[in-house]
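Keep in mind that what you see is a predicted model, and the values were worked out from it rather than measured. Naming: A, B, ... by sequence-line order, numbering from 1 per chain.
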Amino acid sequence: MFAAICRIQWKASALGVALLATLAFIIPLLTVQQAGFSAGDRRGWDLIVMLSAVETAGTLFPILAVILGLTLSVGAWSADHQAEHVYALTLPVPRWHYVLLRFGAGLLLIAPVVAAVGLGCAVALGSFDLPAGLRSYGGAITLRFALAAAVSYAATFALAAGTKRTTAAVVGVLTAVIVLALVLEAFGVSTAVAEGIMNAIFTRPGPFEVLVGPWSLIGV
Amino acid sequence: MFDEIDPRNPIPLYDQIAARIRLAVASGDLAEGDALPSVRQLAARLRINPATVVQAYRALEREGFVEMRQGSGTYVRSVSTDRRRQTREDQAARLARDLLTEAARLGIAGTEVARALQREMGARAQ
Amino acid sequence: MSYAIETQELQYRAGRTFELGPLNLHVPAGAIYGFLGPNGSGKTTTIRLCLGLLRAERGGVRVLGHDVPSQAPAMFARVGYVPERSHLYPNLTVREALALHGAFHRRWDHQAAAELLGTFQLQGDTRIGRLSKGENGKLLMLLALAQRPDLLVLDEPTDGLDPVVRRDVLMALIDFVSESGATVFISSHLVHELERICDWVGVMDRGRLVAEVPMHSFKNGIKRLRVRNAPAQAGDPPFVLLARERGDGASGTEVWVVRGWQATMRQYFEGIGAVLQDVVDLDLEEGFVELLRTARVPRGS
Amino acid sequence: MLRAAAVVAALTIVAAAALVGQTPDEQAKLDRLTRRYDDLTARLTNEAEVGVPRVDSVHVGGLWILSDSAESPVLLGAVESFRRLLMQQLGPAPLPLLVGARIAVRFGEAHPGWGHLLTGDTQFIGVQQRRRTSKWLTGQLAQAVDGLLAHRGGASVAAWRGDVHLFHDQGPLLEATHLELLTANAPSADGCRDGSLEACARSLNLIARLPGQSVEANAELRRFVERRLRHRASEPALAPAYSACVDGGDAAACLAFLERAGVQEPTLSTRATGTLLVAVGDVGGPDALARFFADTGAAIVPRLEAAAGMPVDSLLARWRETILAHRPPPTAVPAGMQWFVLGWATVLVALATRSTRWR
């Protein structure tokens, strides 16, 4: 059963996963290259500028992780949404079982992209000798990427699993509250609601803590 | 053999099938020991309910025309010459009855039908 | 008698205009049950209710002894369903759809699937989204048959198919039924199709079940009688008088549509001083039309 | 003319106020003086008769905050928290440093009449409508004080420290300095990182690069030239100077090469010197910075020692420890993050499995 679901999930998401894996492999290479860490002459290196370039490029990782999560969720549910879930509901498995199969199949597809990140980091960092005082964080990036992709996938998956009405309601309420807060703020009424929501989401114990924070491939 | 089976005919389908086989036995098309098509084959071929075929075969079995052997199939039994003749006559009578009913519906008298029948037979004979 | 599908006071409402039930449907186990009704009469809705794809407002459903919807997964292990519109994932190929379906159904018959693929002349590597309507219908039937179900629920399985395809599909269906003895619940508005194969009929009209009888009694029971010199008051006939209309022939001739007719009832007409000129048998379609006509119009006199 | 006189008078009063301390008695005096300043500005406004907006003032020690809307709750709130920030960061003593300095906060329309307020030791803050929050204004006031302090202590001090960031959140500044120290790619910074206080002093521009100061410094300078400027050795104009430095030359030879090559040895930025000043404030007590900024004409190092109350080596050692302790957070998976992610994923998937079958 799981193998069959994995196959159709792969079919639905293969293109996206391949594309994202390619990006995941390239990003560390480009980061290192753009920042100026190329093999050979290191006399002209201005490390602080280079590190800030690396830090800026690092924001691509969480973005990639979110896109990956979204791609996999879409891959997991779009066919079912199109068929109004009739096929899924006529299979001889309980709904929760089916949802878990779908989730697991998507989760599995995070692996190749994570591997691409790890490989990209390894190749990028292997292309030059790190100056004294600096350290590389290829392993940490890879692990964080895996976690970020997993939680993004879980969140978008849960959102997409609902009916259109539920999904619209959840997204709508969140958006409405934030927009309202921003409007109030613009009129000088300080609510701190938008900030509160952001804090609740992006700091512990919120779900997306892993997305924010340092993502530098190279640091002190 | 079953080409003239017509589901829209008011005569029940099983009856039509049974009649057709009965006649085939009576006319000698089916000899003793011949196998009838299996229920599955016949039902699929005619696109009818297999139960209908079974019903027809059961009726024929009760009448002694065929014998259903468990797990093997349905086979024609030996039928006496008298019985075969009787069957043909029954069928002929039924055809005549239908013809007369239809003629009555159309306002044609029985004698006219009889005359026409004579004429047609004469034409066939030549 | 045990029933493959049984509903109890099943009720459903969609919007303001469409109301279904209360419905008491009984599909005998082992039967081939034709579910007739004009378009929009609630056939598809009933089927979806029976399979737990729609939420009933009231009432209960049991399918093969399973409560629906609470035991729907167990039920679907034994039920093959061909929906009105294809519910398959369009991006899969035929072969992939087979593999997916087979992976979920324990009784999946690989050999039968392979044979049917040949019989239906389906190409394994065609994408489902590119199949023609006929091919799609065949694929749906193939999937339902190869899972070797105890009950087949077919919602207009041959609607829109050309005669050749329809014939293939029906032959495969009958072949499976003769072999397995499975119950078939088949809805259609094409009466001819059902006439050959069904031994039970249920007739839906405007969200209600107007008849549910064995096929032979349905076909034989409804007759059109031509009656001359009938009195205004019919008295107490031994049959059910569905309709009474002026005939188009000689004056004083009427057409009676009756149910439960038997040959011995001719005497009744002599008793009321009328002449029974003719008894016309109705085939299923005519019977169906008469039934709907008389079900809708309150009976006169 | 009259206006200029009035301004001078006002400044005199303000200066007088600055000499007054913070005792209740003196506070009362200060308030009186404030009123007189108000009267003066009011008169000034009337006499100008060009529709100059009325300007009120609030004071924080000797610092005047002028505004066209001094009663605005936004301003009052900002001044109150700013006062606390100032005390916390600098203690009460440096306030005399700000005597005569002014911060003009304009809420309303821009007006030519404001011109007379923007002379001398003044920082100007324009408050846009959408920015009207006390929090924002507090930050602006702190920044303005940073700007005012840039003019204290004489030219040599100003040149040494550049922009001051006394009122910034020190955490990020310390982390940035940490990063600088580790990545400056200069001998002095590397040396400081590795524990040489002399190198720290040089990286903070505290010691003029004079030849022959130490054997170690010479070697370091030579290493720097070798490491960073080898590619310029092939330039004909530079080749002799290069070999003079690299082939066992003294610091003078290397400095000569650097001068020819137009290269300055990179040191830490003024952000780093700012962190040193904050360290001085930390160890030297409440009026340490006041002592540092006092116009004594002394060189930087004696100023630092006087303010911190300890030898510059001890000060640098403390500073270095602080900086090295503020390593910017590295890319890492914080403790327990995987469990949080796992927990959230489980919760979300559990929600997903509850999704209804009714569609």
Scan the side chains in residues 111-118 of chain B for donor-acceptor partners under 3.5 Å anywhere in the protein, sequence neighbours excluded, and list what turns up.
{"from": "B:Glu112", "atom 1": "OE1", "to": "B:Ala109", "atom 2": "N", "distance (Å)": "2.9"}

With a cut-off of 3.5 Å and sequence neighbours excluded, list every side-chain donor-acceptor pair involving residues 69-80 of chain B.
{"from": "B:Ser72", "atom 1": "OG", "to": "B:Tyr75", "atom 2": "OH", "distance (Å)": "3.0"}
{"from": "B:Ser80", "atom 1": "OG", "to": "B:Arg83", "atom 2": "N", "distance (Å)": "3.2"}

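Crowding of C:Arg226 atom CZ: a count of heavy atoms from other residues, nucleotides or ligands under 6.0 Å not exceeding 12. Atom CZ of B:Arg105 sits in a crowded spot, with more than 12 heavy atoms from other residues, nucleotides or ligands closer than 6.0 Å. Counting non-hydrogen atoms of other residues, nucleotides and ligands closer than 6.0 Å to CZ of B:Arg88 gives a total above 12.
Looking at C:Asp278, the atoms closer than 4.5 Å to chain B (heavy atoms on both sides) all sit in the side chain, from C-beta outward. When heavy atoms are compared at a cutoff of 4.5 Å, C:Val279 approaches chain B solely by way of its backbone atoms N, CA, C and O.
The stretch residues 46-68 of chain B places B:Leu46, B:Arg47, B:Ile48, B:Asn49, B:Pro50, B:Ala51 near chain C, each with some heavy atom under 4.5 Å from a heavy atom of that chain. Contacts from residues 29-44 of chain B to chain C, taken as heavy-atom pairs separated by less than 4.5 Å, involve B:Arg40, B:Ala43, B:Ala44 in sequence order.
Of the listed residues C:Val177, C:Asp199, C:Val184, the one with more heavy-atom pairs under 4.5 angstrom with chain B than any other is C:Asp199. When each of C:Arg196, C:Glu286, C:Glu195 is scored by its heavy-atom pairs under 4.5 Å with chain B, the top score falls to C:Arg196.
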